[in-house]
Amino acid sequence: FHEDVKARGVLIVVEGLDRAGKTVQCQLLLDALQQRGHQVKYIKFPDRNSLTGKIINGYLQGQAQQDDHSIHLLFSANRWEAAQRIRSDLSNGITIIVDRYSYSGAVYSAAKENPDLSLEWAWQPEVGLPRPDLLLFLSISSEETAKRGGYGEERYETDAMQSKVRHLFERLLSMNHGHDVHLIDARFPVDQVAKELLNSTLGHLSERKPLETFAKLR
Ligand code: 2DT
């Protein structure tokens, strides 16, 4: 057993409503960790450049219609396409910051209130994907995000949808996933939120537990 066996990277997911500040915060966290000498990568879901990503992009921009289940499974496939890469990067000591993941996957689909598409149904295709070590949830009300200036033009960017998403995130995060969940108040100024994200993350960087996978919802 050698001292120089490389510690694996840490899998960190950042989630939240549209306009909660996820992408800016991911970038600041990436910079802060790199400055501290960590090897870090940023990835985001949906990855609009992959094969499934192109279909997803067309759907989000309203250029194509899709059955709710079908598009849901494509979003999940978009993560499965990346799963092997995530595993190998982590085992090579690279920490990964993920901008949206399975939680967005389940709640946005369930928010459509299709009677045949429950939160439990929506979670199922995520079972077996790499489970993050830490989930950072940027917490903000849908009223607050609406105040941050108009949503974009994409599907889902409406008040009604965002408030359903918000409630479903609460439900999903109240279930035990076996990893740490940190709720971060995203109403504060950008640098204050960034500090909290960094503090939450630093506590996890020395972790060497084996990578786990998502289980069924209980
Ligand atoms: P961005 O604005 O962050 O690009 O997200 N979404 C996302 C889903 O419906 N299912 C998923 O699995 C993921 C990852 C959230 C685009 C929109 O896609 C939604 C907003």
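Just so you know, ligand 1 is whichever comes first in the structure, and atom 1 is the first atom listed for that ligand.
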Numbered atoms of ligand 1 (with element) below 4.0 Å of [X], judged on heavy atoms:
{"X": "Pro46", "value": "5 (O), 7 (C), 14 (C)"}
{"X": "Tyr156", "value": "9 (O), 19 (C)"}
{"X": "Gly105", "value": "10 (N), 11 (C), 12 (O)"}
{"X": "Lys44", "value": "1 (P), 3 (O), 4 (O)"}
{"X": "Phe45", "value": "14 (C)"}

For the residue pair His72 and Trp121, does the interplanar ring angle fall in the parallel (under 30°), tilted (30 to 60°) or perpendicular (over 60°) class?
tilted
Just to verify, what does Phe75 make a ring pair (Phe, Tyr, Trp, His ring centres under 6.0 Å) with, not counting sequence neighbours?
none
Who pairs with His177 by ring pair (Phe, Tyr, Trp, His ring centres under 6.0 Å), at least two apart in sequence or on another chain?
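Partners of His177 under the ring pair (Phe, Tyr, Trp, His ring centres under 6.0 Å) test: Tyr103, Trp123, His179.
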Between the side chains of Asp18 and Thr145, is a donor N or O closer than 3.5 angstrom to an acceptor N or O?
no
Of the non-hydrogen atoms in Leu17 and Ser141, which two are nearest, and what is the gap between them?
CD1-C, 4.1 Å
Could you tell me whether the side chain of Thr95 and the main chain of Val10 form a donor-acceptor pair under 3.5 Å?
yes
Main-chain N/O of His69 paired with Asp67 side-chain donor or acceptor, under 3.5 Å:
yes
Is there a polar contact, in the sense of an N or O pair closer than 3.5 Å, between Arg48 and ligand 1?
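Yes; the residue has a nitrogen or oxygen that sits under 3.5 Å from a nitrogen or oxygen of the ligand.
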Who's closest to atom 10 (N) of ligand 1 heavy-atom-wise, of Tyr101, Phe75, Tyr103?
Phe75
Met161, Arg100, Glu154: member with heavy atom nearest to atom 20 (C) of ligand 1:
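Answer by nearest heavy atom: Arg100.
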Below 4.0 Å, non-hydrogen atoms only: which portion of Arg79 touches ligand 1? Side chain, backbone, both or neither.
side chain
Given that the side chain starts at C-beta and the backbone is N, CA, C, O, which of these parts of Leu60 lies under 4.0 Å from ligand 1, counting heavy atoms, or is it both or neither?
side chain
Find the distance between NZ (Lys41) and CG (Asp89) and round it off to the nearest 0.5 Å.
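It comes to 3.5 Å.
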Nearest to atom 9 (O) of ligand 1, what protein heavy atom do you find, and at what distance?
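In this structure, atom 9 (O) of ligand 1 has Tyr108 CB, 3.2 Å as its nearest protein heavy atom.
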